[in-house]
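The block underneath contains the structure these notes are about, expressed in structure tokens.
Naming convention: chains lettered A, B, ... in sequence-line order (proteins, then strands); numbering from 1 in each chain. Computed over heavy atoms, backbone and side chain alike; hydrogens, waters and symmetry mates excluded.
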Protein chains: 2
Amino acid sequence: MKNELKSLIILFKAYHSIEKAVKHSLAHTGINVNEFTAMEALYVKGSLTTQELIDTVLIPNSSMTYVLERLNEKAYLVKNKKESDKRIQIIVLTALGTRVFEEIYEKHFSYMRSIFDVLDKEEEQQLHYLLKKIGKKSGDKE
Amino acid sequence: MKNELKSLIILFKAYHSIEKAVKHSLAHTGINVNEFTAMEALYVKGSLTTQELIDTVLIPNSSMTYVLERLNEKAYLVKNKKESDKRIQIIVLTALGTRVFEEIYEKHFSYMRSIFDVLDKEEEQQLHYLLKKIGKKSGDKE
DNA sequence: TGTTATTATTACGAATTAGTAATAATATGG
DNA sequence: CCATATTATTACTAATTCGTAATAATAACA
């Protein structure tokens with residue numbers, strides 16, 4: 001077998017390895033990776049619609065519904081119908097959600113940063129460039 | 001929020017985007033990503049123990065059991081107890097499994113290669129180097 | 001040689017993920 | 001306006017994933 005999907009294998013390995021580290025970092029925080037990613041997006045953007053969250057977190061709509069339910073149960077976010085288009089919901093972190101996220105983020109940041117710091121600044125930029133390039137190409141093919 | 005986990009976010013995005021492409025490529029083949037990865041490892045290595053497969057595919061042991069069950073049901077692989085240590089199973093693809101894998105791989109290869117070909121040879125090597133570096137660092141922290 | 005520890009694997013059950021259909025609101029084209 | 005198409009979201013269900021405990025075989029060593 002021509003092993004020219006080496007890039008794919010290496011990407012999968014690196015990702016799974018990092019994903020494990022993320023899970024480890026989030027263990028005992030009461031939220032999982034998808035929940036964290038959704039909260040992060042909301043924290044950065046201030047507010048997003050469900051559809052925008054789906055496009056950011058890249059999980060299926062039915063999975064996002066589940067994630068939002070969980071976070072809503074924990075009172076970390078609220079959903080508000082948009083007045084001008086009632087099909088749309090605007091999602092916002094609550095004060096509690098924001099506070100909890102900030103606490104979790106601080107530790108998570110240090111932990112993850114200690115991994116990525118194995119790359120120097122230039123290497124990290126190069127990684128961004130390369131990953132964006134294949135991510136974009138891959139998205140284009142959908 | 002200091003956005004210095006940009007690398008993490010970009011990696012996640014690129015991965016999920018590629019993962020979608022992989023799923024698309026494997027749709028209608030009757031096997032999913034984990035099943036494909038396990039078969040690929042077996043195809044390349046000839047045979048592996050369950051534990052070796054777990055270390056390759058990087059999923060929990062309980063998940064691997066499920067994957068192996070699925071593939072065994074489809075008669076794509078067989079399990080043989082090792083004589084010298086009966087705790088250990090040696091997993092091998094059947095002739096059917098091998099043939100099916102080759103068929104699937106051929107199409108999958110073209111599809112995935114068309115994505116990674118957006119990188120030139122040098123860029124691809126660089127990507128390998130960078131991903132291995134953070135993958136390794138991340139694994140070390142376990 | 002008989003505990004005790006370690007390793008490989010499976011069993012079980014709960015949580016999550018995801019595909020598909022349903023619902024509800026809005027847009028569009030006659 | 002009305003019928004139809006499109007968009008956003010949820011409901012429902014099946015499949016998968018995963019943590020943890022159980023089992024079974026082997027190793028270690030007093």
Rounded interatomic separation in angstrom, taking [atom1] from [X] and [atom2] from [N]:
{"X": "A/I59", "N": "C/dT16", "atom1": "CD1", "atom2": "P", "result": "12 Å"}
{"X": "A/I54", "N": "D/dT10", "atom1": "CD1", "atom2": "C1'", "result": "11 Å"}
{"X": "B/L48", "N": "C/dT9", "atom1": "CG", "atom2": "C1'", "result": "16 Å"}
{"X": "B/N34", "N": "D/dA15", "atom1": "CG", "atom2": "P", "result": "17 Å"}
{"X": "B/I31", "N": "D/dT16", "atom1": "CD1", "atom2": "P", "result": "12 Å"}
{"X": "A/E35", "N": "C/dT16", "atom1": "CD", "atom2": "P", "result": "6 Å"}

State which residues pass side-chain contact (heavy atoms from CB on, under 4.5 Å) with [X]; sequence neighbours excluded, sorted by chain then number.
{"X": "B/R87", "value": "B/D85"}
{"X": "B/K107", "value": "none"}
{"X": "A/E103", "value": "A/R99"}
{"X": "B/T65", "value": "B/E69"}

| field | A/N32 vs A/K86, nearer the 5' end of DNA chain C by closest nucleotide | value |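 It is A/N32, whose closest nucleotide lies nearer the 5' terminus.
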Report all interatomic pairs (protein N or O, nucleotide N or O of nucleotides 19-22 of chain D) with separations under 3.5 Å.
| from | atom 1 | to | atom 2 | distance (Å) |
| --- | --- | --- | --- | --- |
| D/dG19 | N7 | B/S62 | OG | 2.9 |
| D/dG19 | O6 | B/S62 | OG | 2.9 |

What residues form a ring pair (Phe, Tyr, Trp, His ring centres under 6.0 Å) with [X], not counting sequence neighbours?
{"X": "B/H128", "result": "none"}
{"X": "B/F36", "result": "B/F101, B/H108"}
{"X": "A/F116", "result": "none"}

| query | Hey, can you pull the residues of residues 64-74 of chain B with a non-hydrogen atom under 4.0 angstrom from DNA chain D? | reply |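 Those residues whose heavy atoms fall under 4.0 Å from DNA chain D, taken from residues 64-74 of chain B in numerical order, are B/Y66, B/R70.
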| Which residue pairs pass the salt bridge (Lys or Arg N to Asp or Glu O under 4.0 Å) test with at least one member in residues 118-129 of chain B, sequence neighbours excluded? |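 Listed by first then second residue: A/K133-B/E123, B/R113-B/E124.
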| request: Decide yes or no on side chain to side chain contact (heavy atoms under 4.5 Å, CB included) for B/M112 and B/I18, but give the supporting numbers first. | output: CA-CA 9 Å; B/M112 296 312 299; B/I18 292 279; 4.0 Å; yes
| said: Just to verify, what does A/K74 make a salt bridge (charged side-chain N to carboxylate O under 4.0 Å, His left out) with, not counting sequence neighbours? | reply: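 Residues passing salt bridge (charged side-chain N to carboxylate O under 4.0 Å, His left out) with A/K74: A/E35.
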| message | Before you tell me yes or no, could you show the steps for B/L71 and B/L42 under side chain to side chain contact (heavy atoms under 4.5 Å, CB included), namely the whole-Å CA-CA distance, both residues' side-chain angles and the distance that decides it to 0.1 Å? | response | CA-CA 12 Å; B/L71 291 173; B/L42 290 170; 5.7 Å; no
| query | How does protein contact run along nucleotides 3-8 of chain C, one letter per nucleotide 5' to 3', with B for base contact, S for sugar-phosphate only, - for none, heavy atoms under 4.0 Å? | reply | ---BBS
